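So the structure is just underneath, and the comments pick up after that.
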Amino acid sequence: MERKIRVLIAKPGLDGHDRGAKIVARALRDAGMEVVYTGLHQTAEMIVETAVQEDVDVIGLSLLSGAHMTLFMDVTRLLKGKDMEDVLVVGGGVIPEEDIPKLKKAGIAGVFGPGTRIEDIVEFVRKNVKR
Amino acid sequence: MNDIASKVLKGDPRSVARLITLAENSSPEAAGAMKDIHLHTGDAHVIGITGVMGSGKSTLICELTREYRKQGLEVGIIAIDPTSPFSGGALLGDRIRMMELATDNGVFIRSMGTRGMLGGLTTAVYDVVEILDAAGKDIVIVETVGVGQAEVDVIKIADTTIVVLVPGLGDSIQTIKAGVMEIADIYVVNKADRSGVEQTLAEVESLVDIACTNKDRKTPVLTTVAKENKGVVELIDEINKHKKYLKKSKMFEVQRRKRYEAELVEIIRKRLMNFIFDESKFKGKIESLIDQISNKELDPYTAADEILGKILR
């Protein structure tokens with residue numbers, strides 16, 4: 001039985017712009033993945049608890065409000081605490097170039113800003129899924 | 001006992017989630033654990049919630065769960081959405097309406113795709129109900145995909161089946177008469193603050209009057225406004241009344257027996273299909289048979305005899 005890649009797409013914090021997240025969610029679905037979409041205003045705790053219950057292979061975080069350094073890192077920190085570092089975490093939204101190295105060091109494997117081709121995100125997920 | 005099974009029995013969420021994944025993927029590791037947990041199941045009340053798209057099932061489930069939690073009960077929720085027949089992927093969005101429950105550790109929510117199964121459910125749903133039951137959930141709620149006329153499999157698994165409608169469906173009640181309108185233990189007209197609710201109530205009630213052959217119990221018809229938490233406590237009352245009725249009338253055992261029958265059939269079916277179509281032993285043979293059928297060298301019935309003959313000998 002073919003295993004499906006399960007992805008959680010979440011929007012942490014107060015940012016209300018969800019078009020990008022929905023586009024990525026749909027693209028991943030069209031690529032054969034099962035995508036759990038949680039909608040807006042998620043805390044890091046809600047995201048990680050959801051990731052546990054849904055047993056996801058990938059978490060995609062979308063943020064356009066500038067709070068990525070705190071909120072993305074909150075998620076990776078919680079995942080580390082739960083021994084869930086085998087979950088691939090990627091981020092997207094409005095993220096300045098200079099923040100990307102710090103995010104990658106904290107465990108965000110890929111950062112996909114505006115202008116990223118959808119196919120590149122799909123390919124990245126397929127190639128880098130750890131579980 | 002199997003390691004993951006003992007963790008599931010203790011209610012560990014990681015293990016519950018892992019076992020659900022293993023069962024859903026028909027992993028060989030799943031069978032051992034499922035065998036160990038089966039004896040520890042049977043206590044959870046299984047509620048099936050079905051209804052057309054947009055009727056508010058997910059919101060209603062969220063409110064039901066909050067009320068059950070106030071009563072100190074633990075709840076498992078299985079939210080099913082359709083898998084695309086083309087890509088094999090699925091957008092599982094029922095959770096959006098339930099996110100306030102995400103950090104309550106008395107609630108476990110799992111989103112699942114139908115993965116090719118018709119009928120409104122998914123192939124592993126029987127396993128997942130047992131896993132959540134074994135993990136200590138008092139109530140297990142199964143939310144089917146948005147249904148039309150034929151997605152009635154929910155009755156195979158639920159102790160109590162609730163059909164959710166909305167006002168203004170009007171003619172749609174006529175069109176969904178067969179199947180979905182026959183299976184309810186409780187009808188709920190949600191979004192009852194909308195216009196047309198009296199008419200919808202009247203239509204459902206007249207349907208119940210005509211269809212109800214059971215002298216001991218008349219199918220109740222309730223109204224709710226789920227997003228305002230109205231009518232939810234009354235719905236729980238009716239669910240509890242139904243449970244008492246099942247136990248008193250011995251229908252409970254009859255229902256459960258149907259569920260185990262459906263579960264056994266599904267396990268056998270999956271194994272057979274895997275054996276025939278996935279194991280390399282037959283794959284080459286099947287491909288060659290399909291070629292022969294396409295070239296009109298063979299008909300499908302004879303081809304099937306060839307494969308089945310090898311298995312059933």
Side-chain angles (χ1 to χ4, degrees), chain A residues 1-13 18 21-60 74-75 78-79 81-87 118 122 125-126 131, chain B residues 12-28 30 58 76-84 86-105 107-116 122-124 132 135 270-271 273-274 277-279:
Chain A
M1 169 98 226
E2 199 201 304
R3 227 191 112 223
K4 310 246 183 201
I5 299 176
R6 282 175 67 87
V7 184
L8 173 59
I9 299 283
K11 286 197 64 69
D18 58 1
K22 285 179 177 168
I23 288 174
V24 172
R26 267 185 231 123
L28 295 175
R29 174 203 59 193
D30 292 341
M33 305 181 195
E34 288 180 343
V35 183
V36 178
Y37 180 65
T38 59
L40 304 171
H41 309 139
Q42 307 300 302
T43 63
E45 286 79 12
M46 287 158 90
I47 291 170
V48 173
E49 270 317 304
T50 301
V52 167
Q53 293 180 8
E54 301 286 358
D55 200 22
V56 296
D57 306 301
V58 186
I59 297 176
D74 282 347
V75 171
L78 282 175
L79 287 173
K82 282 190 181 270
D83 204 15
M84 285 172 70
E85 286 170 288
D86 57 350
V87 177
I118 288 291
V122 174
V125 167
R126 276 221 186 96
R131 299 161 94 233
Chain B
D12 169 47
R14 287 280 288 280
S15 306
V16 171
R18 270 274 80 208
L19 184 54
I20 291 175
T21 304
L22 291 171
E24 196 178 24
N25 295 334
S26 301
S27 281
S58 300
I77 300 169
I78 305 169
I80 305 170
D81 269 319
T83 295
S84 159
F86 306 110
S87 72
L91 197 48
L92 308 174
D94 291 332
R95 242 191 197 270
I96 294 180
R97 311 265 181 260
M98 308 182 202
M99 282 315 282
E100 60 177 86
L101 304 167
T103 49
D104 180 346
N105 43 24
V107 180
F108 189 105
I109 303 171
R110 182 68 174 231
S111 311
M112 304 181 76
T114 50
R115 292 202 181 181
T122 179
T123 62
L132 293 172
K270 259 197 292 198
R271 281 222 189 134
M273 295 301 277
N274 282 346
F277 289 100
D278 293 347
E279 310 245 320

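Quick caveat, the model's predicted, so the values are computed rather than measured. Lettering of chains follows the sequences in order, A, B, ..., and the numbering in each one begins at 1.
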Assess whether side-chain contact (heavy atoms from CB on, under 4.5 Å) is satisfied between B:Met99 and A:Thr50, documenting all intermediate values. CA-CA 9 Å; B:Met99 282 315 282; A:Thr50 301; 3.3 Å; yes
Extract all donor-acceptor atom pairs below 3.5 Å that involve side chains of residues 24-31 of chain A and protein atoms in other chains or at least two apart in sequence.
none

Option that, when pairs with chain B are counted at under 4.5 Å, heavy atom only, ranks first among [options]:
{"options": "A:Glu49, A:Glu54, A:Gln42, A:His41", "value": "A:Glu54"}
{"options": "A:Met33, A:Lys82, A:Arg6", "value": "A:Arg6"}
{"options": "A:Val7, A:Ile5, A:Asp55", "value": "A:Asp55"}

CA sep, side-chain torsions, deciding dist, call: A:Glu34, B:Arg115, side-chain contact (heavy atoms from CB on, under 4.5 Å): CA-CA 10 Å; A:Glu34 288 180 343; B:Arg115 292 202 181 181; 2.8 Å; yes
Heavy-atom check, side chain of B:Leu92 versus side chain of A:Tyr37, under 4.5 Å: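 Side-chain contact under 4.5 Å: no.
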Do B:Arg14 and A:Met84 come within less than 4.5 Å of each other through their side chains, counting heavy atoms only?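 A side-chain contact exists here, since the closest heavy-atom pair is under 4.5 Å.
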Interface residue of largest heavy-atom contact number with chain A, from B:Ala90, B:Ala102, B:Pro13, B:Ser27, under 4.5 Å: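 Max contact count across the listed options: B:Ala90.
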So which of B:Phe108, B:Phe86, B:Phe277 has the biggest tally of heavy-atom pairs under 4.5 Å with chain A?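 Top option by heavy-atom pairs under 4.5 Å: B:Phe108.
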If we ignore angles and hydrogens, is there a donor and acceptor under 3.5 Å between the side chains of A:Gln53 and B:Arg95? yes
Pick one of side chain, backbone, both or neither for A:Met46, based on which atoms fall under 4.5 Å of a heavy atom in chain B.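 Backbone plus side chain of A:Met46, per the 4.5 Å heavy-atom cut-off to chain B.
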Mind checking what makes salt bridge (Lys or Arg N to Asp or Glu O under 4.0 Å) contact with B:Asp12, not counting sequence neighbours?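 Once residues adjacent in sequence are excluded, B:Asp12 has no partner under the salt bridge (Lys or Arg N to Asp or Glu O under 4.0 Å) criterion.
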